[in-house]
Amino acid sequence: MTDHEYMHQAISLARKAKGFTSPNPCVGAVIVKDGKVVGKGFHRAAGLAHAEVEAIDDAGSKAKDATLYVTLEPCNHFGKTPPCTQKIIKAKIKKVVVGCKDPNPFVSGGGIQYLKDNGVEVISGVIEKEAKILIEDFVWYIQNDKKPFVILKCATTLDGRIATSTGDSKWITNEKSRAFVHQIRHEVDAILVGSGTLHADNPSLTSRIKGVATKNPARIILDTHLSIKEEAKVLTRDSNAKTIIVTGPDASKEKRALLESKGAQILEVPLKEQRLDLNELMIKLGQMSILSLLIEGGSVVAGSALKAGIVNKVLFFLAPKFLGGSDGIPVFEGKGPELIKDAFELKNMNVTLFDTDILVQGYLK
């Protein structure tokens, strides 16, 4: 097998913990000796052993003179666990193959150099693009003033409607598409909707995948005037995920106290053009160690997120149906650009089929 194939194995291992490791990145590692995999490991959760440590412990004495494949540069500093570089050297691993360097500019390359200085051969940048995509939220957060990596999800008919004129939207997309979205919910730190979606659908905003243990994201509700009802599922549904209600400076103090008594966290942000300032919200969420955010709001929230410039990635589902009229609810609310040259354009795009639904993925940043 080639370096690429072994690194693919390490990436597959890392994906097993996607959603469980935040605020750490998910990392996978494979140890190979004489053409055979003798050790495997992945970082399971923050505070637990890193992938390299798991793999070395799995390999035991076979790690001596072996090659370690790891998706992210081994750490060279003390955190909740000792440096992985020291573990690698102590195990007498001969060679280390790295997917991508540490995205932190203050430590990037330090682990690699330390290994080289101690006689370990190091190759870096093997399947680097895939290794970076695996931790794209962590990379963005570290390199952009600790602001969350934002994913905007939309689901529309072919004629660009997210609901009928009566507000009915169940279901535009099929079961496979919805299952994929629940997987994304599991992987992100938080999910955001507006009060309009909350009142119309009363969603639980949890991650539900049949037969799979999942983690629920923090639920974030944009609610300028605290119009949320006391019986809303995000307040009453038993979940270990916190509910954060984002409101403006003029919200009722009595309603605020009531919601806090129900376990909700109230987060106040200033208004900008009579709407909650989403850029200020991103700063506050980043300070709360929220690295990744999925926006599943309605047309007002989706339009506001685009205009605020906070969206990194778009998941755009197209279902093979159309309403055939002009009275349905559009994907985005508000004024758009006057010229096509000013339209939002996705980069690094790919297309996936979920039975008859089409998912278009791409990046704005």
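Here the structure is a predicted model, which means the values were calculated and not measured.
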No-hydrogen, no-angle side-chain donor-acceptor test under 3.5 Å, T164 and T166: yes
Test item: [X] and [Y] side chains (from C-beta on) under 4.5 Å apart, heavy atoms:
X: V53; Y: C84; value: yes
X: V301; Y: I295; value: yes
X: L364; Y: L306; value: yes
X: L271; Y: D277; value: no

Main-chain N/O of [Y] paired with [X] side-chain donor or acceptor, under 3.5 Å:
X: Y6; Y: Y69; answer: no
X: T71; Y: G28; answer: yes
X: T247; Y: A251; answer: no
X: D357; Y: N174; answer: yes
X: N279; Y: A308; answer: yes
X: H186; Y: K18; answer: yes
X: D137; Y: F149; answer: no
X: D223; Y: S227; answer: yes
X: K255; Y: I228; answer: yes
X: Q143; Y: P103; answer: yes

For W140, the option from I135, L291, N312 that meets side chain to side chain contact (heavy atoms under 4.5 Å, CB included):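 Of all the options given, the one that passes is N312.
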Ring geometry between F332 and F316 (parallel below 30°, tilted from 30 to 60°, perpendicular above 60°): tilted
Criterion salt bridge (charged side-chain N to carboxylate O under 4.0 Å, His left out) on K116 and E121, from CA distance to verdict: CA-CA 6 Å; K116 288 181 177 178; E121 181 186 353; over 6 Å; no
Stepwise salt bridge (charged side-chain N to carboxylate O under 4.0 Å, His left out) test for K176 and D355: CA-CA 7 Å; K176 282 192 174 181; D355 283 342; 3.4 Å; yes
F42 six-ring face occupied by R44 cation (under 6.0 Å, within 45°):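 R44 over F42 ring: yes.
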Pair E136-K313, salt bridge (charged side-chain N to carboxylate O under 4.0 Å, His left out): steps then yes or no: CA-CA 10 Å; E136 59 188 5; K313 187 176 184 178; 3.0 Å; yes
Single-linkage hydrophobic cluster I184~I133, side-chain heavy atoms < 4.5 angstrom: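 Hydrophobic grouping puts I184 with I133.
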Audit row: E280, K272, salt bridge (charged side-chain N to carboxylate O under 4.0 Å, His left out) steps and yes/no: CA-CA 10 Å; E280 284 297 317; K272 186 176 182 180; over 6 Å; no
Where L72 and K101 come nearest, the two heavy atoms and their spacing: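 Closest heavy-atom pair between L72 and K101: CD1-O, 3.6 Å.
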Aromatic contact, F354 with F180 (centres under 6.0 Å): yes
Nearest-0.5 Å distance that lies between atom CG in D327 and atom CD1 in I329: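 Here the interatomic distance stands at 9.5 Å.
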